Amino acid sequence: MEVITFRDVTKKYRSLKVLDQVTLDIRQNVITGVVGRNGAGKTTLMKMIAGFTKESSGELRVFGERPFNSLDVSANMIFVDDRMGFPDALKLGDILVECDRFYENWDDELAKRLLEYFQLPLTFKHRVLSKGKRSTFNAVIGIASRCPLTMFDEPITGMDVAARRDFYRALLKDYIAHPRTILLSSHHMEEMEDLLEDILLIDGKDIGFHGPIVDLQEKFLSLQGKANVLETYATRYAIVHRSMAGPLTEWIVDNEHTEAELNDLRQAGIRVATVTASDAYLAMTGQTKGGVDDVFNAMER
Amino acid sequence: MLEMGGEKPIYIQIAEWLENEIIDGTLKADDKVYSQYQLAELFNINPATAGKGLTILLDAELIYKKRGLGTFVSSNAREKLLSKRKDFTLRRLVRELLDEANLLGIEKEQLYRLIESERKGRA
């Protein structure tokens with residue numbers, strides 16, 4: 001069953017198109033990683049789903065409703081980011097009381113235990129928290145609210161490695177016990193990829209990829225070898241990304257080869273390997289074929 | 001067969017881990033296998049990924065499902081795995097040997113002689 005459906009949804013800020021004719025479905029109880037370069041439109045997409053901002057055209061449905069100004073969507077959804085606003089006067093303990101009132105599935109005991117574990121005293125005020133502590137607190141609210149639709153936009157900003165690991169673990173454990181639909185955006189894809197079922201890659205106002213994380217990984221192969229040897233194959237493959245791996249040249253290419261072709265490459269001394277999901281993501285979103293090296297190469301000329 | 005860049009996909013790692021549990025006898029014939037949720041907890045991964053790992057073993061009939069009870073190790077799972085690994089691992093090593101020989105420009109006869117002399121050295 002689909003919890004979120006986009007049909008030709010476009011979002012414009014004045015004349016600037018941020019998302020262009022997006023069509024996609026998010027299934028119930030799936031954890032989806034929302035990834036893309038800075039400014040690709042991740043936050044805009046999630047804020048539209050949350051009903052915080054209105055689609056410019058097209059049809060967007062969340063729980064079968066148009067999310068903008070929908071109380072139903074609000075009550076069943078939580079959007080966690082580092083700008084999550086809480087009144088200055090409230091202590092952390094007061095915020096928990098309000099959450100308990102608003103969110104039907106709120107688990108107060110879990111919230112309190114997690115805050116204690118992360119050393120966030122209930123008597124502290126939200127605005128005095130450090131960046132990392134504030135992110136941790138917000139993440140705890142996101143987990144303990146157990147909303148049928150839970151969205152985290154860059155939840156780990158400022159968290160140290162240990163806190164990030166604990167957050168991923170806590171989210172996974174609570175998800176296993178209480179499955180729900182989760183959207184998680186982050187620039188640290190390599191850290192969170194084990195947690196994800198699906199990837200939604202936003203690339204230049206468009207959906208670059210949406211599907212199981214394994215499928216993203218299996219779209220590509222890495223070829224590594226001496227530049228002059230690789231170049232003899234340049235016309236045969238669709239090269240998505242080129243880079244230098246030490247003294248060797250690495251190409252990320254579309255994974256469409258026969259076994260005979262692969263053996264041919266190996267015999268020419270080229271290393272053929274699978275790529276990680278993060279590498280696949282980087283390859284797909286690298287804006288120029290040569291990466292940042294192109295900038296320096298152009299200056300040397 | 002592909003060489004894995006850095007790491008293998010997690011679901012394949014899960015499948016291999018389960019296979020090793022069967023090979024080394026930790027999981028015996030008709031023992032109950034971990035559920036996808038137990039595997040997800042254990043390895044800190046998405047349950048769907050753990051499910052994919054289990055599917056590999058189900059498809060290979062190394063494990064079987066009992067309705068409402070869970071998943072169990074097939075009676076011939078260990079034998080199947082042992083013969084699969086022998087065939088697979090050995091083939092891979094032979095292919096690597098041929099690649100290296102090719103790179104060094106070693107002829108077929110020379111390679112055979114090399115293998116034969118190694119074999120004699122052991123006997």
Side-chain angles (χ1 to χ4, degrees), chain A residues 27 29-33 165-177 179 182 184 190-199 212-218 220-224 245 250 252 255 257 259 262-280 283, chain B residues 1-18 33-59 70-71 87-108 111:
Chain A
R27 285 171 299 137
N29 296 345
V30 167
I31 307 184
T32 304
R165 200 173 294 152
D166 284 338
F167 162 64
Y168 296 132
R169 179 85 182 143
L171 182 63
L172 179 71
K173 282 183 83 92
D174 206 55
Y175 165 77
I176 290 171
I182 298 175
L184 188 60
E190 71 291 347
E191 280 184 6
M192 64 171 192
E193 61 178 67
D194 292 351
L195 203 68
L196 307 176
E197 179 167 348
D198 282 3
I199 284 276
I213 189 159
V214 179
D215 293 359
L216 174 67
Q217 203 172 351
E218 288 174 352
F220 304 107
L221 280 180
S222 151
L223 308 183
Q224 276 183 37
E250 180 179 16
I252 306 287
N255 187 5
H257 311 276
E259 198 59 32
L262 293 180
N263 281 329
D264 189 26
L265 288 168
R266 278 192 207 99
Q267 274 160 25
I270 294 168
R271 180 170 175 264
V272 182
T274 57
V275 300
T276 65
S278 311
D279 287 342
Chain B
M1 251 332 280
L2 289 177
E3 197 174 327
M4 297 297 179
E7 273 178 32
K8 296 178 188 188
I10 301 289
Y11 73 102
I12 291 177
Q13 290 182 43
I14 298 296
E16 286 181 352
W17 182 79
L18 286 167
V33 182
Y34 307 88
S35 76
Q36 80 182 100
Y37 297 99
Q38 285 171 322
L39 287 170
E41 272 258 17
L42 206 56
F43 287 93
N44 219 12
I45 54 170
N46 190 291
T49 312
K52 269 187 189 145
L54 283 169
T55 304
I56 293 181
L57 275 78
L58 274 171
D59 288 348
T71 313
D87 185 46
F88 170 83
T89 313
L90 216 55
R91 249 176 213 286
R92 181 170 57 80
L93 291 171
V94 168
R95 200 174 295 130
E96 281 172 18
L97 178 73
L98 289 175
D99 284 350
E100 181 73 10
N102 201 37
L103 189 73
L104 300 175
I106 291 177
E107 295 296 321
K108 195 167 80 175
L111 192 64

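Quick caveat, the model's predicted, so the values are computed rather than measured. Quick note: numbers below take in every heavy atom, side chains included, and nothing from hydrogens, waters or symmetry partners. Within every chain, numbering begins at 1; the chains are lettered A, B, ... in the order of the sequence lines, protein sequences first and strands thereafter.
- For the pair B/Ala40 and A/Leu172, the tightest heavy-atom approach, listed with the atom from each and the gap, is O-CD2, 3.7 Å.
- With a 4.5 Å cut-off on side-chain heavy atoms, A/Asp194 and B/Thr49 do not count as touching.
- In this structure, A/Arg169 and B/Glu41 approach most closely via the heavy-atom pair NH1-O, 2.7 Å.
- Separating the NZ atom in A/Lys173 from the CG atom in B/Asn44 is a distance of 8.5 Å, to the nearest 0.5 Å.
- Qualifying side chain to side chain donor-acceptor pair (under 3.5 Å) partners for A/Asn263, counting only residues two or more places apart in sequence or in other chains: A/Arg266.
- Taking CG of A/Leu195 as the reference point, atom CD1 of B/Ile10 lies at 11.5 Å (rounded to 0.5 Å).
- Expressed to the nearest 0.5 Å, how far CD1 of A/Ile176 lies from CG of B/Asn46 amounts to 8.0 Å.
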I'd like a table of donor-acceptor pairs (distance under 3.5 Å, sequence neighbours excluded) in which one partner is a side-chain atom from residues 96-104 of chain B, with atom names and distances.
| from | atom 1 | to | atom 2 | distance (Å) |
| --- | --- | --- | --- | --- |
| B/Glu96 | OE2 | B/Arg92 | NH1 | 3.4 |

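- Interface remark: A/Glu218 contributes side-chain atoms only to the contact with chain B (heavy atom separation under 4.5 Å).
- Using a 4.5 Å cut-off between heavy atoms, B/Tyr11 touches chain A through its side chain atoms alone.
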